[in-house]
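Atoms considered below: every heavy atom in the structure, side chains included; atoms not considered: hydrogens, waters and symmetry mates.
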Amino acid sequence: MTSFLHDPHPNPTPAARRAELVADPQFGRVFTDHMVSVRYREGAGWHEARLMPRGPLTLDPATAVLHYAQEIFEGLKAYRLDDGAMALFRADANAARFNASARRMAMAELPEGLFVAACKELIRADASWFPQAEGGSLYLRPFMYASEAFLGVKPSAEYHFLVIASPVGNYFKSGAPAVSLWVSEDYTRAAPGGTGAAKCGGNYAASLAAQQQAIALGFDQVVFLDAAERRWIEELGGMNMFFVFADGSIVTPPLTGTILPGITRDALMLLARDSGLTVREEPYAIDQWQADSESGRLTESFACGTAAVVTPVGKVTRGAASFTIGAGGPGQVTAMLKDKLVAIQRGRAPDPHGWVDKI
């Protein structure tokens, strides 16, 4: 068990102000009082594990992350269960994916137990920040950056791992029953052999121009096609995609190294199979998506991720052509899978896969 030094907080947020902040927080705009910090140095390993007041970081102008972008992060949620207990959902899977990203970015790997312990330490310290609103949770952002000060193209010899927390409600605030998507034909998110499967900031930076274009045109999100043929559906800017057919089968794009291996994606696949549905991981073309939607062969599409959980797709536009998915709102399979997932996360249903880790 990792022990953390505790630095006392000189000025924690007053209870009344905290209640005001968590009443209806915008996603990722409100932060709790504390953060966890752990340092790494080549030859010394991981050290200086601390729970401390959340505050600014001081960086040398030559800090490696600013020049060579060695940076990775995770996103996971802590929940307040119906019995009052606090819990993490599949934090071990986030820890494993964090290290997979570290290997791809030539960064030091973090012991998975330390990753989980750091998340729990922060949750215990800031338990009073849980929103009371339906669907509220604490969104945790573990991240690591190259902290050595040097100029030169090589992996850093020093890293800084931190965890911060943000009380959140629903990711999408529009109130629409389903999101609208713009298919990007000008930009791609990742290419074979690249960093598409790593959760690094550069992947998200590469998606922003296309997302900005989609928003300017009045859409909620952008969907990316593959870089080689501009034919196969990959993922949204930060969510995996699923396609539900009239025969009850489900398709999701395969993990070939260009899309993120989503933990929510994996959970939904398991829950769908538990429910007797056939789930296939196979390429699905944009032309086929339109044809299947228009013929009625495809009845539902949804995106998924930690932040938004499960989000129905209502309308898709590609250039001058648009098509509607099913009736344009949440479908039965989408709603069933979301309900099953949320019920497990909230402790309202049995947890057959051992995903919920009470704190």
Look at the side chain of [X] and the backbone N and O of [Y], then say whether any donor-acceptor pair between them is shorter than 3.5 Å.
X: R280; Y: I250; result: no
X: T195; Y: A198; result: no
X: H47; Y: G45; result: yes
X: T252; Y: M241; result: yes
X: R104; Y: G194; result: yes
X: E71; Y: G201; result: yes

Short N-O contact, [X] and [Y], less than 4.0 angstrom:
X: D287; Y: R231; value: no
X: D247; Y: R297; value: no
X: R265; Y: E281; value: yes
X: D226; Y: R189; value: no
X: D33; Y: R18; value: no

Donor + acceptor pair across side chains of [X], [Y] (<3.5 Å):
X: Y79; Y: Q345; value: yes
X: T317; Y: S322; value: yes
X: E234; Y: T258; value: yes
X: Y68; Y: K154; value: no
X: S301; Y: W289; value: yes

[X] side, atom [atom1]; [Y] side, atom [atom2] - distance, nearest 0.5 Å:
X: L298; Y: D292; atom1: CG; atom2: CG; value: 6.0 Å
X: E42; Y: E148; atom1: CD; atom2: CD; value: 8.0 Å
X: L260; Y: N203; atom1: CG; atom2: CG; value: 8.0 Å
X: Q213; Y: I215; atom1: CD; atom2: CD1; value: 11.0 Å
X: E235; Y: S207; atom1: CD; atom2: OG; value: 9.0 Å
X: T334; Y: E300; atom1: OG1; atom2: CD; value: 4.0 Å

I'd like to check [X] versus [Y] (side-chain heavy atoms, cut-off strictly below 4.5 Å). Are they in contact?
X: V168; Y: S137; answer: yes
X: Y145; Y: L59; answer: yes
X: Y139; Y: T306; answer: yes
X: H67; Y: L151; answer: yes
X: L341; Y: L268; answer: yes
X: Q221; Y: M239; answer: yes
X: P253; Y: F242; answer: no
X: F4; Y: V36; answer: yes

Is it possible for you to say whether [X] and [Y] belong to one hydrophobic cluster, with membership spreading through side-chain heavy-atom contacts below 4.5 Å?
X: V222; Y: F219; value: yes
X: L81; Y: V22; value: no
X: M107; Y: F150; value: no
X: I359; Y: M35; value: no
X: L122; Y: L114; value: yes

[X] versus [Y], closest heavy-atom pair with distance:
X: G314; Y: A178; answer: N-CB, 3.4 Å
X: A118; Y: V163; answer: CB-CG2, 4.0 Å
X: A106; Y: Y159; answer: O-OH, 3.3 Å
X: M105; Y: I72; answer: CG-CG2, 3.7 Å
X: S156; Y: S147; answer: OG-N, 3.9 Å
X: P312; Y: V310; answer: CD-O, 4.0 Å

CD of E185: more than 12 outside heavy atoms within 6.0 angstrom?
yes
For Q132, does the CD atom sit with more than 12 other heavy atoms under 6.0 Å from it, leaving out its own atoms?
no
Aromatic ring pairing [X]/[Y], orientation class (parallel under 30°, perpendicular over 60°, tilted between):
X: F98; Y: F161; answer: perpendicular
X: Y284; Y: F245; answer: perpendicular
X: H34; Y: H9; answer: perpendicular
X: W355; Y: F89; answer: perpendicular

Consider side-chain contact (heavy atoms from CB on, under 4.5 Å). Of D92, L76, N94, which one does I263 pass it with?
N94
Does D220 form a side chain to side chain contact (heavy atoms under 4.5 Å, CB included) with W182? I'd like the steps, not just the answer.
CA-CA 8 Å; D220 297 307; W182 169 260; over 6 Å; no
Stepwise salt bridge (Lys or Arg N to Asp or Glu O under 4.0 Å) check, R90 with D357
CA-CA 7 Å; R90 303 195 71 184; D357 183 7; over 6 Å; no
Sort out for me which residue in D83, D82, D339 forms a salt bridge (Lys or Arg N to Asp or Glu O under 4.0 Å) with R348.
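For R348, the salt bridge (Lys or Arg N to Asp or Glu O under 4.0 Å) test succeeds with only one of D83, D82, D339, which is D82.
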Given E74, which partner from the list R97, K199, R141 fulfils the side chain to side chain donor-acceptor pair (under 3.5 Å) test?
R97
Residue pair L225, T188: steps toward the side chain to side chain contact (heavy atoms under 4.5 Å, CB included) verdict:
CA-CA 6 Å; L225 306 178; T188 59; 5.9 Å; no
Checking L138 against W129 for the side chain to side chain contact (heavy atoms under 4.5 Å, CB included) test, could you report, in this order, the C-alpha distance in whole Å, the side-chain angles of both residues, the deciding distance, and whether it holds?
CA-CA 8 Å; L138 276 185; W129 285 85; 4.1 Å; yes
Kindly indicate, with the supporting measurements, whether the criterion side chain to side chain contact (heavy atoms under 4.5 Å, CB included) is fulfilled by L162 and L57.
CA-CA 11 Å; L162 299 107; L57 303 177; 4.0 Å; yes
